[in-house]
*Asks:* 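One structure, pasted below without further comment.
Because the structure is a prediction, the values reported are computed rather than measured. Atoms within a ligand are numbered from 1 in the order they appear, just like the ligands themselves.
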Amino acid sequence: MKKKVRALVLFSGGLDSTLAVKVLEKQNIEVLALTFVGYFFGDTKAKESAEKNGIQMRSINFAEIHCEVVKNPKRGYGRAMNPCIDCHLLMIREAGKIMRAEGYDLVATGEILGQRPMSQNLQSLKIIEKETGLEGRLLRPLSAKLLDETEIEKQGLVSREQLLDISGRSRKRQIELVQELDIKYYPSPGGGCLLTEMEFGKKLKKLLAEIKRPSASDFALLQVGRIFWIDKTRIIVGRNSVDNEKLGELQETEDKLLELQDFSGPLVLVRGKITEDIMNEAKKITAKYSRYTKELDYKKLIFKIK
Ligand code: SF4
């Protein structure tokens, strides 16, 4: 009996990667969707999409190696702190390792020629293939007919005839395919991960400049409250009850957590070198961000510190 062709597909849960899975499944290829999880993006969207579309999915946590790419991307950043080309390369490279280790035949992505000017032009697509060591085994099912024929197509493992010729930024063709390929669910297109957000990018840049080896919890803290830096120490003020709860959860042994004893106000976390001056600054800030004490002298207030 002919062995079933097995493919790994990089899967974000969005429409393009869902289409890539379905185009291959239509050819009776066995597909495992791979979703990468790091400090700046999770797999919630992908899980939901996989479940609703009956796609077999595996999450791969590559936070540590991804973080190295974020700190020092060979090809630089996009508009914010998003190293999209290197990040994408890393995901494909990791998928390639799984392909070889587990005997898959190919790696596929939902990339579309010309959809993203920087990372999905003809030259970038070729560079990705070469740099990941996946020459001939990397397939872009949605644009394949516009690209050179791959080894896997030449060997007849994948029928080129049944692949697509989509290019450009319009989503018209993809939307038409939703019905054709019986796709039950896809989320509205998102702009990218946290790293593509300008404000977050600024905070991350500062963290990387001040802290040599940031921890998972340092990255998580970037997403909470208002951050004040005093040298290498952070004072983080919760803006609402959700922030306050998160600050409590993220507190580590060396951190201090402050709040006003007799008034409602924010929780404030201090991380870094803790001196008397820093604690006074933290108290001042804590008092300033409570509407009951913002006009009062912080030295006359009592703080709970743990
Ligand atoms: S948007 Fe984020 S997850 Fe996507 S390629 Fe860019 S850096 Fe990587």
Side-chain angles (χ1 to χ4, degrees), residues 8-21 33-50 57-98 107-132 134 138-143 169 171 174 186-208 214 216 218-220 222-223:
L8 296 170
V9 177
L10 257 62
F11 186 69
S12 66
L15 181 54
D16 294 344
S17 55
T18 306
L19 282 171
V21 172
L34 293 182
T35 300
F36 288 86
V37 177
Y39 294 130
F40 313 102
F41 43 84
D43 56 5
T44 315
K45 187 173 98 174
K47 274 186 175 155
E48 186 180 6
S49 177
M57 183 199 128
R58 185 190 297 172
S59 296
I60 312 282
N61 190 321
F62 76 153
E64 288 301 323
I65 41 173
H66 181 257
C67 185
E68 293 306 314
V69 166
V70 173
K71 280 191 219 162
N72 204 1
K74 221 166 122 189
R75 288 178 182 75
Y77 299 102
R79 253 167 33 91
M81 282 287 280
N82 49 314
C84 289
I85 298 183
D86 289 306
C87 171
H88 197 59
L89 266 168
L90 181 65
M91 289 181 189
I92 297 179
R93 206 174 281 131
E94 291 302 300
K97 286 185 195 161
I98 299 173
V107 172
T109 73
E111 287 162 303
I112 290 182
L113 185 63
Q115 189 180 62
R116 294 198 182 127
M118 199 175 145
S119 60
Q120 295 183 5
N121 58 43
L122 202 52
Q123 200 192 2
S124 299
L125 294 186
K126 281 194 174 147
I127 291 175
I128 290 172
E129 192 175 345
K130 204 163 172 208
E131 288 218 2
T132 50
L134 277 170
L138 181 59
L139 191 71
R140 281 85 173 204
L142 307 187
S143 291
R169 300 172 79 100
R171 287 169 59 83
Q174 287 96 304
Y186 65 93
S188 51
C193 73
L194 256 184
L195 295 167
T196 62
E197 293 175 14
M198 299 304 272
E199 273 316 301
F200 184 78
K202 282 185 209 156
K203 291 192 214 172
L204 178 60
K205 205 169 181 176
K206 176 74 178 160
L207 176 74
L208 295 178
D218 287 325
F219 291 123
L222 289 181
Q223 296 162 53

*Asks:* With under 30° as parallel and over 60° as perpendicular, where do the rings of F62 and F41 fit, or are they tilted in between?
*Replies:*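 Answer is tilted, since the angle falls between 30° and 60°.
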*Asks:* Ignoring hydrogens and angles, state whether a donor on the side chain of D43 or T35 is under 3.5 Å from an acceptor on the partner side chain.
*Replies:*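 Checked: D43/T35 side chains show no N/O donor-acceptor pair below 3.5 Å.
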*Asks:* Any side-chain heavy atom of E111 sitting closer than 4.5 Å to one from R116?
*Replies:*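 No - every pair of side-chain heavy atoms lies 4.5 Å or more apart.
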*Asks:* Is there at least one protein heavy-atom neighbour under 4.0 Å from atom 2 (Fe) of ligand 1?
*Replies:*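 Given the 4.0 Å cut-off, atom 2 (Fe) of ligand 1 counts as touching protein heavy atoms.
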*Asks:* Tally of protein N/O/S atoms under 2.8 Å from atom 2 (Fe) of ligand 1?
*Replies:*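 Near atom 2 (Fe) of ligand 1, the number of protein N, O or S atoms below 2.8 Å is 1.
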*Asks:* Do the charged groups of E48 and K45 touch, with an N to O distance under 4.0 Å?
*Replies:*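 Not counted as a salt bridge, because no side-chain N and carboxylate O are separated by less than 4.0 Å.
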*Asks:* Are the side chain of R171 and the backbone N or O of L15 linked by a donor-acceptor pair below 3.5 Å?
*Replies:*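 Not a single qualifying donor-acceptor pair exists.
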*Asks:* Hey, does L195 have a side-chain heavy atom less than 4.5 Å from the side chain of P83?
*Replies:*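 P83 reaches L195 side chain to side chain.
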